[in-house]
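Structure first, then comments.
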Amino acid sequence: MTGRIILVTALILGAFLMLVPFLWMLSLSFKDSAEIFSSTLDFFPARLSLDNYITAFTKVDLGRFLLNGVIVCAGILVFQFLFSVPCAYALTQRRFRGRQVIFGLVLAGLLVPFHVTAIPLFLALAKLNLLDTYTALIVPFVSSMFGIFLFRQAFAALSPDLFDAARLDGLSETAIVWRIALPLVLPAATAFGIFSVVAHWNDLFWNLIVTSDPNLATPPRGILYFRDRESGSDIGPLMAATVIVIAPMIVGFLMAQRRFIQGLAAGGLKG
Amino acid sequence: MIEIDAVTRCFGENTVLDNVSLVAEEGSFLALLGPSGCGKSTLLRLIAGLDDPDAGCVRIKGRDISGLSAVERNVAMVFQSYALYPHLSVAENIGLPLAMRELSRIDRSPLGRVFPASRQRRSDTQARVKKVAASVGISDLLDRKPGALSGGQKQRVALARALVRDPSVFLLDEPLSNLDAKLRVQMRAEIVALNRATGRTFIHVTHDQVEAMSMADRVAVMLGGRVAQFGTPRELYETPSSRDVAAFVGTHPITFVSGPKSGGLHPIFHGVGVPSPSGPVVIGIRPEHLTPAPQGPITGRLHNIEYQGAEVLLDVICDTGITLRATATGDWQPPTPGSEIHLACAPVHMHVFDADSGARLEAGHKGAASCA
């Protein structure tokens, strides 16, 4: 019993430490600037004010940044699915020369950090006159080694009989990929979707490198516009904007998490 | 009619099928019987078009089908794992082959619900799905997902999916091995009934000799990638062509007794009345053909008794230390273990095999004569 109490206390403390910055951000986003810079430390705002949120939307084009974020993340995710699912299917369910070599290359690709390839990619995009476009934000990420690897592992666990049955039923290989293989690995697909969207929604690095046009800023770069204006930082609206930017991630994650667990539970029930 | 003509298939160095030739008459029930790894499933996949032979060809109704896709061959296959799509309902599982073959892309898309012609075709296929489901007794399961079905129900769904497209050949890959013993006997009869009802050719792969013997018109025993014997179940049982076939076929394992190296029968069989061959031979004798008889020519000591209700299995140790397995009817009163017992066997039930090649030496012992 005491062991359990210690364990739970430790977990609560850990969770609290993790959550404090977020809760502090949420708290600041509702305070006016006088209260933010007051000498006393109050967690709860004196009065709930939405002024910061209004400022966040009016001072900079936050709506535009959010839309950019959606376009870039959706673009990346669609292409990642389009390429990694058939590739993973081929790597597991088709026999062809060089299959193991290609899978080895995928594994090797997993080991290369993105930052290593950033400069060659930047130069290539510059030569192609693609800097400051959505293309520059999306194209480098359309092939995901991680996605191929994840789907490959998921497909490898499926019975090859299913695919033979589908061939006998008259499905083409393309139809098998999308109508049989993908629906069967939905939990893996959901997990990959979460990883991909969170990573690219929060990515500041690549956006800073290939775009300078404010109209192409994704949410993390958009938040920066609160910082270098007027007198230093505009903390209240900055925090409000940050809350707005991370809110879709949190909501999306919670929804996907439920789906994720459903997928796992359905798999478990089948035994 | 399906003709398999000198088919060879290798995976790397490993020859899985070696010059296999078989013929299945139209509407017949052919069983491919063999232990795991004998190439029987590979042969089935070659017929289905899921794999291609390295040499030889497969003909359906006289037409060479090499190069044709699985769909163009119009074969249906039932897999050991049933291979039902877990994310589709039973109705969708059964209907998928029909939809792929008979509906256009537009018919299958959500637009198909709108166009009158498409709706007509869609409802036609649904009606056929219902009809087939009724014929195998799963009408009340159509809305369920495969995960919610028992093994026997999954088996019926898999059969329905095969039936719905009215294929020219049914390929069954160990379809009964995941069922419990009682259901297996029931499904055995149902599958045979389907064969008679549809008039289509069935090719059934199994490692269970009871299944092959009880279901098939003709059985091909496959051993090590070759057809060891191809014949009716009765032929396999009564005249196994080799020692290996004799060992594989039959409910009780056959007993083998090697004769002396110098040739001829083992001395314990001298009184049975089988002419002694001159070369070295092995005698195969099935337990069910060796029965206790007061005046029997074979004598030994009763070692062990297994009472099984309908019959009694006896282990008898002969003078030379050889153990023979014999059977008696269930009402036979056994003497106490250790006492002397006489056994008899009709000469026709003694199988004589060449000691070296394992090939059968025929009755009348022409083979033996040629050895001399």
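Proteins come first, then strands; the chains are lettered A, B, ... in the order of their sequence lines, and each starts at number 1. Computed from a predicted structure; not experimentally measured.
For A:F205, the CZ atom is densely surrounded, since the number of other residues' heavy atoms within 6.0 Å is greater than 12. No more than 12 heavy atoms of other residues, nucleotides or ligands sit less than 6.0 Å from atom CG of B:D143. Residue-environment remark: CZ (B:R101) exceeds the threshold of 12 foreign heavy atoms within 6.0 Å. Annotation for A:F195: atom CZ does not count as buried by contact number, only 12 or fewer foreign heavy atoms lying within 6.0 Å. At most 12 heavy atoms of other shown residues, nucleotides or ligands fall within 6.0 angstrom of atom CZ in A:F79.
Atom CG in A:L162 sits 9.0 Å away from atom NE2 in B:H87 (nearest 0.5 Å). For the atom pair CG of A:L168 and CZ of B:R73, the computed distance is 10.0 Å after rounding to the nearest 0.5 Å. A distance of 9.0 Å separates CZ of A:R179 from CD of B:E92, quoted to the nearest 0.5 Å. Note that CG of B:L96 is 6.0 Å distant from CD1 of A:I180, once rounded to the nearest 0.5 Å.
Contact annotation: the side chain of A:D169 approaches that of B:R161 to within less than 4.5 Å [non-hydrogen atoms, C-beta and beyond].
Of the two parts of B:L98, neither the backbone nor the side chain holds a non-hydrogen atom closer than 4.5 Å to a non-hydrogen atom of chain A. At a 4.5 Å heavy-atom cutoff, the contact between B:V75 and chain A is made by backbone and side-chain atoms alike.
Chain A forms the most heavy-atom pairs under 4.5 Å with one residue out of B:A83, B:A162, B:S69, and that residue is B:A83.
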